[in-house]
Structures are given as structure tokens and as C-alpha cells.
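Notes for the one structure printed next.
So you know, we letter chains A, B, ... as the sequences are listed, proteins then strands, and number each from 1.
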There are 2 protein chains.
Amino acid sequence: MQDEDPGAAEMLARHLENFATLSPEEIAAIEATLALPVRSGSARRDLIVEGAPPRAVFLIVSGWACRFKTLEDGRRQIVGFLLPGDVCDLNNVLLARMDHSIGALTEVRYVEISNTALQRLSLEHPRVGQALSWQMLVTLSTQREWTMNIGQRNALERLGSLFCELSLRLQAVGLATPLGYDFPLTQTDLADATGLTSVHVNRTLQHLRAAGLISLSSRVLRIPDYAALEDASLFTPEYLHLDQRDTRRGHNLPGGVFPGGLAGR
Amino acid sequence: MQDEDPGAAEMLARHLENFATLSPEEIAAIEATLALPVRSGSARRDLIVEGAPPRAVFLIVSGWACRFKTLEDGRRQIVGFLLPGDVCDLNNVLLARMDHSIGALTEVRYVEISNTALQRLSLEHPRVGQALSWQMLVTLSTQREWTMNIGQRNALERLGSLFCELSLRLQAVGLATPLGYDFPLTQTDLADATGLTSVHVNRTLQHLRAAGLISLSSRVLRIPDYAALEDASLFTPEYLHLDQRDTRRGHNLPGGVFPGGLAGR
DNA sequence: CGAACATTTGAAGCGCGTCAAAGCCGGTGG
DNA sequence: CCACCGGCTTTGACGCGCTTCAAATGTTCG
């Protein structure tokens with residue numbers, strides 16, 4: 001399902017192009033900024049732990065990671081997935097401590113970008129800065145949707161909505177088609193992300209399969225009729241703000257919204 | 001409680017001062033930017049509806065509002081509360097359509113600030129810009145906490161955590177003490193915010209009362225022992241990223257900062 | 001080929017939802 | 001000042017979705 005390994009700059013550009021078409025100069029600037037060593041974290045290893053001071057900004061190049069929080073008694077909630085092209089903790093520098101952890105779900109390749117480098121990129125190429133701001137706003141919007149997903153939807157709708165979201169996000173970076181995608185999550189991961197137990201996830205997946213809405217085996221998710229899955233899940237994709245190109249407002253804001261805002265203290 | 005109503009600039013300054021102490025010049029700049037007509041929305045009226053293009057930025061001056069989303073079949077989820085001093089939709093200008101609605105829960109007084117004015121303020125006073133960014137990051141962090149709240153906590157913990165969060169946020173702008181605060185929400189509001197039904201909220205409130213953790217009547221919430229409520233709810237305040245001052249556990253403000261106590265307005 | 005982990009199945013129980021009706025309270029008008 | 005009304009709170013009976021506990025059955029990979 002993947003072509004051959006795209007690099008860091010390629011993944012970021014693919015992602016940001018969902019917000020605005022980038023010029024060759026802008027892409028070159030991204031490439032220059034991201035000419036950094038690619039690190040890797042092995043599956044099931046934590047990249048950042050709650051309570052630690054935030055390090056540099058991360059860009060996922062390949063693999064899946066997640067943000068998660070834990071309660072004192074061990075209950076664990078995955079609060080979001082990090083997919084290739086995602087930039088995380090855009091300007092957490094303003095905060096003293098991480099309020100959640102980041103864990104690798106598969107083998108993950110990523111780069112660490114310094115704040116100042118990102119800031120320079122944003123200042124010199126305002127539309128790139130806007131695109132990065134857009135990504136953060138989408139993260140926020142997605143977090144609101146997750147709140148509703150867990151608060152209001154039943155088990156089948158929760159799982160179906162999650163499959164739809166992941167499909168669209170992966171399609172946005174060329175890693176999925178409407179018919180399916182590589183799916184590395186375990187049922188326990190799905191349980192932690194949806195606020196269900198893995199036992200109930202298992203039973204609900206069987207309902208989804210019986211209804212012909214998905215097939216999931218050997219780490220591949222197939223969606224025979226994507227529209228049907230959306231309907232069954234009451235999923236609507238607007239919160240991802242993917243079709244923004246040329247329809248958005250605020251074209252001429254220089255340097256993102258808070259030009260000074262990305263600076264550390 | 002408030003002898004005379006604090007104005008828009010006062011509320012914003014109080015809020016931002018949780019991030020950084022502001023200089024007289026910075027405060028003057030905020031006042032100049034916020035010298036705007038105060039509008040008001042009546043209780044239970046929507047200020048912005050999902051799907052509409054974002055208008056200007058809002059600053060809540062007094063009263064409570066909420067962000068909420070609805071499913072096609074009418075299920076409703078409150079995804080966050082907007083309290084005095086909160087700035088909402090900081091830079092939604094980059095997005096074409098609102099992905100959620102904003103509704104007034106009480107009579108609300110607010111000002112609408114143009115993006116350009118906010119941007120100028122941020123440019124000329126970088127620390128104010130940082131403080132505004134800080135507010136947005138805290139909003140994001142809070143949204144993650146809500147995801148965990150609904151996904152992992154039981155009914156009692158959900159309500160208790162919500163009471164704790166509101167207490168700290170209101171204290172941060174001088175509208176609460178650890179002993180309690182004016183509480184305008186109905187049990188239906190609480191249900192929509194916690195992903196429960198109002199019937200179950202009612203029963204859970206009775207448990208909280210029976211355990212001596214809260215008393216809630218005639219729109220006033222009292223918390224006899226704030227630390228006990230935090231413990232019972234597995235609440236930890238780090239995600240709010242407030243400067244750790246006197247609001248932490250085991251510390252009762254004698255008489256409180258507000259000698260009038262919880263006198264209604 | 002066996003250890004570790006992931007998926008699947010079964011049985012039993014509880015938390016929370018649903019439905020419905022009864023109090024309660026503040027506000028409004030006669 | 002009382003009568004009434006609408007919204008909020010409270011209560012009861014009942015049922016279901018999801019959890020819990022436990023064990024069996026794949027599946028992956030050294």
C-alpha cells in the first residue's frame with residue numbers, strides 16, 4: 001500500500017498541501033529545514049513521558065504513534081493518533097511540562113526539529129506558517145470530535161467513526177484509499193482509544209464484519225463501501241477541514257496567526 | 001462578589017496573568033485593544049452555529065457559555081465551557097466553517113475582537129501574543145483531559161473532575177474560592193458535558209452529597225474539602241498549566257480573596 | 001517448537017440508560 | 001397575594017450495553 005519510503009520533507013509537504021498548494025520555493029525551504037537525521041523508535045516504546053519538559057517538535061515520517069494519558073490506577077486513554085506527516089506539540093515550548101505521553105505503536109521513524117528552525121521557516125514562508133497553524137487547529141477540532149465520539153456514540157459508531165477518520169487522514173498523505181489501508185493497531189489499542197474494553201471491541205468488530213462494513217485481518221483494514229461505513233457510524237468529515245484549498249479565508253495573514261507566539265520564553 | 005463589574009480588558013488581563021505577569025504598558029495595550037462595545041446574549045441562545053463561517057474572535061466578559069456538537073439524531077455533547085476571560089476561536093480564521101456551535105448557558109456579556117486588532121496586539125507586545133497562544137494550548141490540553149474524563153472515569157469521577165476543573169479555572173479569574181462558586185448549570189447541562197443522562201447525573205450528585213464532597217443547591221456549589229474532592233475524582237490539575245499558586249490542595253484561603261463569599265449577583 | 005502476545009468465546013453482573021410520573025421552585029399575571 | 005405555568009429535580013421500575021473474569025484458541029517469531 002505504500003510506495004517506496006518518502007522522506008521527512010516529502011511527508012510534511014504532502015500533509016500541508018491539504019491546506020494550500022505550496023510553491024517550489026516553499027517546498028525547497030521545507031526540505032532545507034528538514035534536512036535532519038531520521039531517528040527511529042521501536043514499537044511499544046514511549047517517545048515522551050507525561051511530566052517531562054517538552055523537547056523539540058516531532059515530525060512523524062513513517063509508522064504510527066499515539067498520545068495517551070493514564071490515571072493513577074492504571075486506566076489508560078489514547079487521546080489521539082499520530083500518523084506520517086503529523087507534526088506534534090507545535091509550540092509546547094510555552095508549557096513547562098508535558099500533560100500527556102507519546103508512545104510508538106509500530107516502529108516509528110521521525111525527526112526532531114528545533115523550535116527556532118520552525119519559527120524561521122514560518123517567518124520566511126508565511127503560507128507554510130499558516131499551514132502549520134492550520135494543522136494545530138485541526139488537531140484541536142479532532143480532539144473535540146473524539147470527546148463527542150466517546151461521549152455520545154455507541155461502540156459500533158465509535159469504531160466506525162475512528163476507521164473513517166483514519167482513512168481520510170491517511171488518504172491525505174497518500175497512505176490509504178477509500179477501500180482500505182494497512183492497520184497496525186491491536187484490539188487493545190482500539191479499546192484504549194474508544195473507551196471500551198478489548199472484549200467488547202472484539203464483539204463489535206464482529207458486528208461490523210457481519211454487516212459487511214469492514215473486513216479486518218492480518219493488519220489490513222478493508223472497507224468495501226466507505227459511504228456505508230460513514231452512514232452506519234454517523235460520521236461526518238467536516239471536522240478534519242481537509243477541503244480547504246482556495247475556499248478558506250485569511251489568505252493574507254503574515255506568518256500564521258501569532259507570529260511571536262511560536263517563540264519560547 | 002464583584003463590587004462593580006470588571007470590564008473586558010480586566011477579565012482578559014486577569015486570565016493572561018496566570019501565564020505571565022504583565023507590565024503596565026502591556027495592560028494598557030490590552031485596554032486599548034478591548035475598548036469595544038460590550039454585547040450580550042441571552043441565556044440558552046446560540047452565539048455561533050456549526051457550519052457557519054467563523055466571525056471575529058470572542059472574549060467572554062461575564063456569564064457562562066459552552067461549545068457543543070450535535071449528531072444527526074439529536075444527541076448533544078458539550079465539549080467545553082467558556083468562562084469569563086476566555087478567548088474563543090483564537091485563530092479560526094484559517095478554517096472555512098465552524099465545526100461546532102457556541103451557546104450561551106446564562107446571560108452572557110462579550111466583546112467581538114477583529115483578527116487584525118488581535119494580531120497587532122500580538123505583534124507589538126510579544127508576551128501578550130505568547131499568553132494568547134498559551135491559552136490556546138491550554139484549551140487543547142483541556143480537550144484531551146475531557147477525552148480521558150469521558151473515556152475512563154465513572155460517573156462520580158466525571159462530575160467531581162468537572163467541578164474541580166471549573167473551580168480552578170474560575171479561581172484563576174477571581175470568580176471562585178476553593179470552598180465553592182456560583183454554579184448556573186442544570187443537571188441536563190452536566191449530562192451533556194459528561195456523556196451521561198440527566199437521571200444518572202441526579203443520582204450521582206446524591207452520592208457526592210451523601211459522601212460530604214459537595215453541596216449543590218440554588219445555583220451555588222459548595223466544596224467543603226477541595227482536596228477530598230480531587231482525591232475522590234482522581235483529579236490532577238497539571239493539564240490546566242496554571243502557575244502553581246495557592247489554589248493547590250491542603251491550602252484554604254482564610255476568608256478568601258472575596259470577603260463577600262459566594263453572594264449571588 | 002515453544003513463549004509471548006493477540007484474538008475469540010462464554011457466563012454472569014453491574015452501571016448506566018430508558019420510560020414515566022411525581023414533586024418542586026421561581027416567575028408571571030390576574 | 002394567590003393561581004398557575006413551565007422548567008428543573010427527584011424517584012421508581014425495568015432493561016440493555018458494556019464490563020468483568022476466565023479460559024481457550026490462534027498467530028508470530030526467535
Side-chain angles (χ1 to χ4, degrees), chain A residues 42-45 64 71 73-78 103-107 149-160 182-211 214-221 232-234, chain B residues 42-45 64 71 73-78 103-107 149-160 162 182-210 214-221 233 264-265:
Chain A
S42 49
R44 309 283 148 190
R45 184 72 59 70
W64 290 28
L71 249 29
D73 61 5
R75 279 174 279 177
R76 177 171 182 264
Q77 175 72 44
I78 291 178
L105 295 169
T106 67
E107 170 121 11
N149 199 26
I150 297 177
Q152 299 298 326
R153 285 190 249 244
N154 63 29
L156 190 141
E157 294 163 346
R158 287 187 214 178
L159 285 168
D182 288 339
F183 193 87
L185 302 182
T186 67
Q187 293 180 5
T188 303
D189 294 331
L190 286 172
D192 287 345
T194 53
L196 301 166
T197 59
S198 62
V199 171
H200 200 61
V201 165
N202 181 283
R203 290 176 172 134
T204 306
L205 287 177
Q206 293 176 44
H207 291 151
L208 281 164
R209 283 190 268 247
I214 64 161
S215 76
L216 173 57
S217 65
S218 50
R219 313 273 100 126
V220 173
L221 178 72
S233 313
L234 299 188
Chain B
S42 49
R44 309 283 147 191
R45 185 71 60 67
W64 290 28
L71 250 30
D73 61 5
R75 279 174 278 176
R76 178 171 182 264
Q77 176 72 43
I78 292 178
L105 294 168
T106 67
E107 170 123 10
N149 199 26
I150 298 178
Q152 299 298 325
R153 285 192 249 244
N154 64 29
L156 190 141
E157 294 162 346
R158 286 187 213 179
L159 286 169
L162 181 56
D182 289 341
F183 193 87
L185 303 181
T186 67
Q187 293 180 6
T188 303
D189 294 330
L190 286 173
D192 287 345
T194 52
L196 302 166
T197 59
S198 62
V199 171
H200 200 64
V201 165
N202 182 283
R203 290 177 171 134
T204 307
L205 287 177
Q206 293 175 45
H207 291 152
L208 281 164
R209 282 189 269 248
I214 65 161
S215 76
L216 174 57
S217 65
S218 51
R219 311 273 99 127
V220 173
L221 177 72
S233 312
R265 24 188 179 148

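- The nearest whole Å value for the distance from the CG atom in L190(B) to the P atom in dT10(D) is 12 Å.
- Between R219(A) and dT7(C), a side-chain N or O to OP1/OP2 separation shorter than 4.0 Å is present.
- With rounding to the nearest 0.5 angstrom, the CD atom of E157(A) is 13.5 Å from the CD1 atom of I150(A).
- In this structure, CD of Q152(A) is placed 13 Å from P of dC18(D), rounded to the nearest angstrom.
- Note: NE2 (H207(B)) to C1' (dT10(D)) measures 13 Å, nearest angstrom.
- In this structure R203(A) satisfies the salt bridge (Lys or Arg N to Asp or Glu O under 4.0 Å) test with no other residue, sequence neighbours excluded.
- Distance check, rounded to the nearest 0.5 Å: CD1 of I78(A) to CG of D189(A) gives 5.0 Å.
- Rounded to whole angstrom, the span from the CG atom of D73(A) across to the C1' atom of dT19(D) amounts to 15 Å.
- Atom CD1 in I150(B) sits about 17 Å away from atom C1' in dC18(D), given to the nearest Å.
- Side chain of S198(A) to main chain of Q187(A): no donor-acceptor pair is present (N/O by atom type, distance under 3.5 Å, no hydrogens or angles).
- Regarding D192(A), its CG atom lies at a distance of 14 Å from the C1' atom of dA6(C), rounded to whole Å.
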Quiz prompt | From CA spacing to verdict: side chain to side chain contact (heavy atoms under 4.5 Å, CB included), D182(B), W64(B) | solution = CA-CA 11 Å; D182(B) 289 341; W64(B) 290 28; over 6 Å; no
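- Phosphate proximity of dT7(C) to R209(A): absent, as no side-chain N or O sits under 4.0 Å from OP1 or OP2.
- When the options Q77(B), R76(B), R75(B) are evaluated for a side chain to side chain donor-acceptor pair (under 3.5 Å) with Q152(A), the one that passes is Q77(B).
- Between Q206(B) and dT11(D), a side-chain N or O to OP1/OP2 separation shorter than 4.0 Å is present.
- Put simply, CG on L216(A) is 14 Å from C1' on dT27(D), counting in whole angstrom units.
- Residues of residues 197-204 of chain A that place a heavy atom closer than 4.0 Å to DNA chain D, in numerical order, are T197(A), V199(A), H200(A), R203(A).
- Rounded to whole angstrom, the span from the CZ atom of R75(A) across to the C1' atom of dT19(D) amounts to 13 Å.
- With the nearest nucleotide of DNA chain D identified for both L196(A) and Q187(B), Q187(B) has the one nearer the 5' end.
- Legend: residues meeting side chain to side chain contact (heavy atoms under 4.5 Å, CB included) with A155(A), ordered by chain and number and at least two apart, are L196(A), H200(A), T204(A).
- Using a 4.0 Å heavy-atom distance criterion, L205(A) is classed as making no nucleic acid contact.
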